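Right, one structure below, let's go through it.
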Amino acid sequence: MRKVVQCDRSPQPVAVAVGVTIVVAMATFSACQTPPRPPSDLIAKGKNLFFNETFKGNGRTCGTCHRAEANLSINPAFIATLPPNDPLFVAEFNPDLKKNFENPKLMRQFALILENLDGFEDLEKQFVMRGVPHVLSLRTSVNSPQGPRTGWSGDGAPGDGSLRSFATGAVIQHFPKTLNRVAGVDFRLPTAEELDALEAFQLSLGRQQDVTLPLPLKGIVPKRGQEIFLDNSLGKCNLCHSNAGATANLGGGNIGNANFNTGVETLPDQPADLTGELVPPDDGFGKPGDGTFNTPPLVEAADTGPFFHNNAIETIEGAVAFYDGESFNNSPAGHTLAAADPEGVGIELDGTQIVAIAAFLRVMNALENIRQSIELLEASAQKRFMERQQAKELLKRAITETGDSIRVLKGGGLHPQAVAHLKKAKELAEDAACSIFSRHRLTEQAIEEQKNARNELVESSPARS
Amino acid sequence: MLKVLMQIGVIVAGLGGMTYAHGQQMTEMFIPVGQSPGVSDKSSLIGTIDSMDEKNRTVTVSAQSGVQTVGLTNRTKIWLDRSLLKAPNQSGTSADLQKGRKIEVKLEQGERKQVAEWVKVQLTEPGAGPGAAAK
């Protein structure tokens with residue numbers, strides 16, 4: 001379990017630690033004009049609904065699966081820290097939901113959630129098992145010229161298919177008291193005002209705009225990884241993950257978020273399949289499905305695994321290596337890349353190149369975590385003495401983000417000096433959270449350490465300091 | 001290189017990059033008449049059934065905006081909204097489109113504007129179920 005502020009014995013849910021993201025993008029991570037933001041009170045209302053509202057259902061909230069303390073997702077290690085009565089495990093203790101609502105074994109082992117994306121007529125056999133995507137940077141990833149794309153296959157919302165409508169579908173799928181799913185009995189549907197607030201909150205999370213690559217990276221391996229990532233004849237990553245985001249630019253301009261069949265479903269030895277549990281094939285978008293899934297952003301990838309819609313791969317290195325494998329290169333997307341390649345090659349990378357791309361993604365993720373940490377620390381430093389509880393919540397969130405930065409860099413053996421600065425920043429933030437009179441000073445020192453860490457990762461410029 | 005990339009763009013678009021990102025319909029069946037987010041308050045047709053023409057596969061709806069005839073296809077989903085009876089919603093058939101029942105119709109997008117993508121019929125009579133009229 002991740003370390004949280006040791007002095008905190010208050011019963012405040014960690015969920016409230018998710019701070020409203022402040023739109024002060026650091027120069028490295030901003031190139032475009034920041035889009036207008038909805039009123040802060042609407043975002044605050046949405047945040048409260050997201051983490052606390054059960055909609056008179058089985059006890060779950062949106063935050064049950066999109067955990068504040070787990071990058072708004074869940075993974076097996078995090079799940080292992082939860083008490084048995086956590087609403088995530090409602091299928092284990094609510095007799096009405098014991099069958100055909102979740103598969104507790106796959107949930108605990110692989111963080112897989114049951115979804116009836118192809119209908120509710122045959123609950124025994126007609127379902128798919130999917131991971132929980134984080135909901136960070138949705139403002140940059142949901143839109144496409146064909147309409148909004150929500151969920152793993154881009155068709156997760158009822159109604160008009162928008163992010164605003166997504167919550168209605170989620171309540172019906174994941175919140176019911178019984179599998180009858182009767183509105184007004186097994187749950188209540190969100191009101192129009194609640195949908196507005198939930199949408200505003202979700203759009204406020206994470207990056208508000210895409211990065212502009214290339215970044216002036218310092219590390220030799222991440223720098224080479226960025227080159228390969230951007231090389232449309234080698235890594236080819238940037239074609240579908242433009243600027244390491246979730247939109248595609250295939251040469252004719254940015255086409256927004258797009259769906260592709262990359263062959264993930266054909267991977268051999270998928271962990272869930274190895275259990276012997278029934279895991280029906282996931283046919284992706286539509287009914288019947290066309291085998292396509294939409295493109296997630298990569299900036300946030302390194303600390304939000306496992307990867308792909310079925311949590312098939314645990315590590316970021318493994319996720320990059322997938323594109324060098326047969327499943328991808330024999331897929332419709334892989335064939336397309338090969339058809340357009342002068343030598344007929346889809347994606348062909350060696351081990352060092354795979355690790356280099358992963359190192360680049362790890363550094364990108366750490367930079368985003370540092371950006372968020374600085375925002376949170378600055379917001380905390382602005383809180384007055386009487387607002388110290390709010391300041392502490394912001395500090396706790398910054399501590400979690402900093403822990404993620406350390407983890408993703410250490411996991412790739414990257415930038416030990418930056419890791420040292422981040423550890424110091426984390427200690428200072430923990431001390432600040434416990435301090436009554438030195439909170440401001442300690443927080444300012446933590447911000448400096450964050451900036452020092454950032455300067456180890458990218459060339460510094462006056463605009464960034 | 002630009003030519004190659006353009007080629008990729010065209011091919012990939014044909015391979016699924018351009019699938020229409022409409023809302024998935026599976027949870028839609030559990031949403032009562034008049035409550036579909038972004039649809040009921042904007043674009044759907046809500047009224048009462050005037051008549052059902054089985055031969056031509058059309059249903060005529062009397063709505064606030066006037067009387068409108070809508071086509072049904074094999075793709076049109078028909079759902080029975082039994083939420084007022086506190087019973088689970090179900091899939092239905094055109095036999096359930098009985099005169100006087102409240103109905104909501106979502107029309108298909110694009111050129112075929114008079115064709116239903118889905119239809120919800122509100123049932124208020126205890127015991128009413130799928131295909132009740134045909135029994």
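As a basis for the values below, the full set of heavy atoms in this structure was taken, side chains included, without hydrogen atoms, waters or symmetry mates. Just so it is clear: chains get the letters A, B, ... in the order the sequence lines come, proteins before strands, and each one is counted from 1. As the structure is a prediction and not an experimental result, all values here were calculated from the model.
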Check the surroundings of atom NZ in B:Lys99: do more than 12 heavy atoms from other residues, nucleotides or ligands lie under 6.0 Å from it?
no
Return yes when atom CD of B:Glu54 has more than 12 non-hydrogen atoms of other residues, nucleotides or ligands closer than 6.0 Å, and no otherwise.
yes
What residues form a side-chain hydrogen bond (donor to acceptor under 3.5 Å, both in side chains) with B:Gln122, not counting sequence neighbours?
none
Does the side chain of A:Thr168 reach to within under 4.5 Å of the side chain of B:Thr27, using non-hydrogen atoms?
no
Interatomic distance, B:Met26 atom CE to A:Gln126 atom CD [nearest 0.5 angstrom]
8.5 Å
How long is the straight-line distance from OG of B:Ser40 back to CG of A:Asp160, given to the nearest 0.5 Å?
10.0 Å
Counting only non-hydrogen atoms closer than 4.5 Å, does A:Arg164 touch chain B with its backbone (N, CA, C, O), its side chain (CB onward), both, or neither?
side chain
By a 4.5 Å heavy-atom criterion (distance strictly below it), what part of B:Ser44 contacts chain A: side chain, backbone, both, or neither?
neither
Looking at [X] and [Y], what are the two nearest heavy atoms and their distance?
| X | Y | result |
| --- | --- | --- |
| A:Ile172 | B:Phe30 | CG2-CD1, 3.5 Å |
| B:Pro32 | A:Leu189 | CD-CD1, 3.6 Å |
| A:Gly159 | B:Lys106 | O-NZ, 3.5 Å |

Within the side chain of A:Ser165, is there an N or O that forms a donor-acceptor pair under 3.5 Å with the backbone of B:Pro37?
yes
